[in-house]
Amino acid sequence: MTSDTAHDQRIITQFTRWAAPFAALPVHAEADGMARTLSAVDAQPGDRVLDVACGPGIVACALAAQGARVTGIDLTPAMIAEAKARQSAEGLAGLDWQVGDATALPFADETFDRVVTRYSFHHLPEPVAALREMRRVCRAGGRVVVIDATPAADTQVAYDRMETLRDPSHTSALTLEQLRGIGRETGLVEAVIDHYALEAQLATLADARDMAALEAMFDEDISGGQDRIGVGAWRAGDGIRFRFPVSIIAWRRE
Ligand SMILES: C[S@@+](CC[C@H](N)C(=O)[O-])C[C@H]1O[C@@H](n2cnc3c(N)ncnc32)[C@H](O)[C@@H]1O
């Protein structure tokens, strides 16, 4: 068991506050990223799929709409409540939901054909522990898929500082090479690597206590033209905008 109680509490506090706004933000259901995600998961109708740290069930519901039988699990009860509301609003069958920890999944070995997690690894103190669990509950020949922001190595420290200012439950975003490394460490075999850039408006994503420090960090990048955070930030009519550099890795479980 690797859960860190103080960190788990930070997660639950942050995502209880953010459950409803997160569920409603169109950027979280953005079409290009979702199409790439569904393609990498490659679930067939009737497949059993687990969405780990499912939040408000956006990926889980998209997979169920394709005919998969999907279980969503998340640490934050308010997120599971949002997921149930989404399922009911979309009139979907074939879904069930649980409150639980990504690093101690309450499922038998090889229960699922596909195991996916999106935008969660940067919240975990030990992402490798979650990846091991994802592998354990995936059947031989199945797929384990992780989708998350992957900063470049030379921007990782600044990126993490920005994200921690924006969201105190951030731990660290792995680079693509680090993500590939924990896949190898876990004994998974790479099947697909893909990328997308997710455009975001800072004001809709931040409830930072120190918004001034966060904006100052972006402004330094924008006026200096150096892109030290690595998100290509710019000032638009509605404030600061930037692009999350997202990677998708699908591994085969041997
Ligand atoms: C940024 S949200 C992403 C939600 C969803 N996967 C999506 O892509 O829309 C991160 C989610 O991870 C969950 N989470 C963080 N740590 C977790 C853990 N150890 N176990 C399960 N869920 C966790 C949070 O409660 C939150 O719902």
Side-chain angles (χ1 to χ4, degrees), residues 1-38 40-41 49-64 70-87 90 95 97-107 114-134 136-137 144-150 163-164 166-174 196 198 200 204-207 244 246-249:
M1 177 77 182
T2 52
S3 92
D4 163 353
T5 306
H7 184 73
D8 286 355
Q9 205 43 59
R10 250 192 314 277
I11 290 282
I12 293 168
T13 302
Q14 178 75 4
F15 284 104
T16 298
R17 196 164 66 232
W18 270 90
F22 187 100
L25 266 181
V27 70
H28 294 131
E30 178 270 341
D32 175 54
M34 183 59 80
R36 290 173 187 277
T37 295
L38 295 176
V41 175
V49 181
L50 177 66
D51 182 1
V52 176
C54 64
I58 299 167
V59 172
C61 285
L63 286 159
V70 187
T71 298
I73 186 166
D74 198 282
L75 199 58
T76 306
M79 281 295 201
I80 291 297
E82 285 293 336
K84 288 178 178 168
R86 174 176 295 265
Q87 172 184 0
E90 294 186 9
L95 284 143
W97 308 102
Q98 290 197 33
V99 174
D101 184 356
T103 61
L105 294 172
F107 307 107
R114 302 284 185 267
V115 183
V116 60
T117 190
R118 188 183 76 160
Y119 308 157
S120 69
F121 268 28
H122 66 273
H123 291 292
L124 303 179
E126 285 185 76
V128 69
L131 194 59
R132 247 185 245 121
E133 276 293 87
M134 291 174 72
R136 179 184 67 75
V137 302
V144 172
V145 183
V146 173
I147 303 111
D148 207 0
T150 52
E163 278 288 70
T164 307
R166 189 178 74 74
D167 171 359
S169 67
H170 180 87
T171 54
S172 179
L174 301 176
Y196 60 94
L198 190 65
T204 62
L205 292 181
D207 66 348
F244 287 105
V246 181
S247 294
I248 299 173
I249 302 196

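Remember, it's 1-based here, ligands and their atoms both numbered in the order they're listed. Both backbone and side-chain heavy atoms feed into the values below; hydrogens, waters and symmetry mates do not. In this chain, residues are counted from 1 in sequence order. Small disclaimer: the values here were computed from a predicted structure and weren't measured.
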Atoms of ligand 1 close to Met79 [distance to a heavy atom under 4.0 angstrom, numbered from 1]: 27 (O)

Any N/O pair Ala53/ligand 1 closer than 3.5 Å: yes

field: Closest protein heavy atom (residue, atom, distance) for atom 1 (C) of ligand 1
entry: Tyr119 O, 3.3 Å

Atom 22 (N) of ligand 1 - nearest protein heavy atom and its distance: Leu75 N, 3.2 Å

message: Please list, in number order, the atoms of ligand 1 under 4.0 Å from a heavy atom of Leu124.
response: 16 (N), 17 (C), 18 (C), 19 (N)

- request: Identify, by atom number and element, the atoms of ligand 1 in contact range of Gly100, meaning under 4.0 Å from any of its heavy atoms.
  value: 20 (N), 21 (C)

statement: In this structure, atom 15 (C) of ligand 1 is nearest to the protein heavy atom Ile11 CG2, 3.5 Å

query: Does Ile11 offer a backbone N or O that forms a donor-acceptor pair with the side chain of Gln9 under 3.5 Å?
result: no

statement: among protein heavy atoms, the one nearest atom 27 (O) of ligand 1 is Asp74 OD2, 2.7 Å

task: Compute the shortest N/O to N/O distance between Ala102 and ligand 1 and return yes if it is under 3.5 Å, no if not.
output: yes

query: Looking at side-chain heavy atoms only, is the closest gap between Leu63 and Val116 below 4.5 Å?
result: yes

task: Examine distances only and state if a side-chain atom of Thr117 and a backbone atom of Ala53 form a donor-acceptor pair shorter than 3.5 Å.
output: no

field: Protein contact of atom 8 (O) of ligand 1 - nearest heavy atom, named by residue and atom, plus distance
entry: Arg118 NE, 2.6 Å

- prompt: Would you say Asp148's side chain and His122's backbone share a donor-acceptor pair under 3.5 angstrom?
  reply: yes

message: Can you confirm, on distance only, whether ligand 1 has an N/O atom lying under 3.5 Å from any N/O atom belonging to Ile58?
response: no

message: Does only the side chain of Phe15 get under 4.0 Å from ligand 1, or the backbone, or both, or neither? Count heavy atoms.
response: side chain

field: Side chain to side chain, Thr76 and Trp18, heavy atoms closer than 4.5 Å
entry: no

query: Donor-acceptor pair, Arg86 side chain versus Pro56 backbone, under 3.5 Å?
result: yes

task: Enter the distance from Thr204:OG1 to Leu25:CG here, rounded to the nearest 0.5 Å.
output: 5.0 Å

query: Do side-chain atoms of Arg118 reach the backbone of Met34 as a donor and acceptor pair under 3.5 angstrom?
result: no

- request: For His28 and Phe22, indicate whether the former's side chain and the latter's backbone hold a donor-acceptor pair under 3.5 Å.
  value: yes

query: Is there a donor-acceptor contact under 3.5 Å linking the side chains of Thr164 and His170?
result: no

message: I'd like to check which ligand 1 atoms, numbered from 1 as shown, lie under 4.0 Å from a non-hydrogen atom of His123.
response: 1 (C), 10 (C)

- prompt: Which atoms of ligand 1 have any heavy atom of Gly55 under 4.0 Å away?
  reply: 4 (C), 5 (C), 27 (O)

query: Step by step, would you call Ile73 with Val99 a side-chain contact (heavy atoms from CB on, under 4.5 Å)?
result: CA-CA 6 Å; Ile73 186 166; Val99 174; over 6 Å; no

query: Of all the non-hydrogen atoms in the protein, which one sits nearest to atom 19 (N) of ligand 1, and at what distance?
result: Asp101 OD1, 3.0 Å

task: Determine, using heavy atoms of Ser169 and all atoms of ligand 1, whether some pair is separated by less than 4.0 Å.
output: no

message: Evaluate Asp51 for polar contact with ligand 1, using N/O atom pairs at a separation under 3.5 Å.
response: no

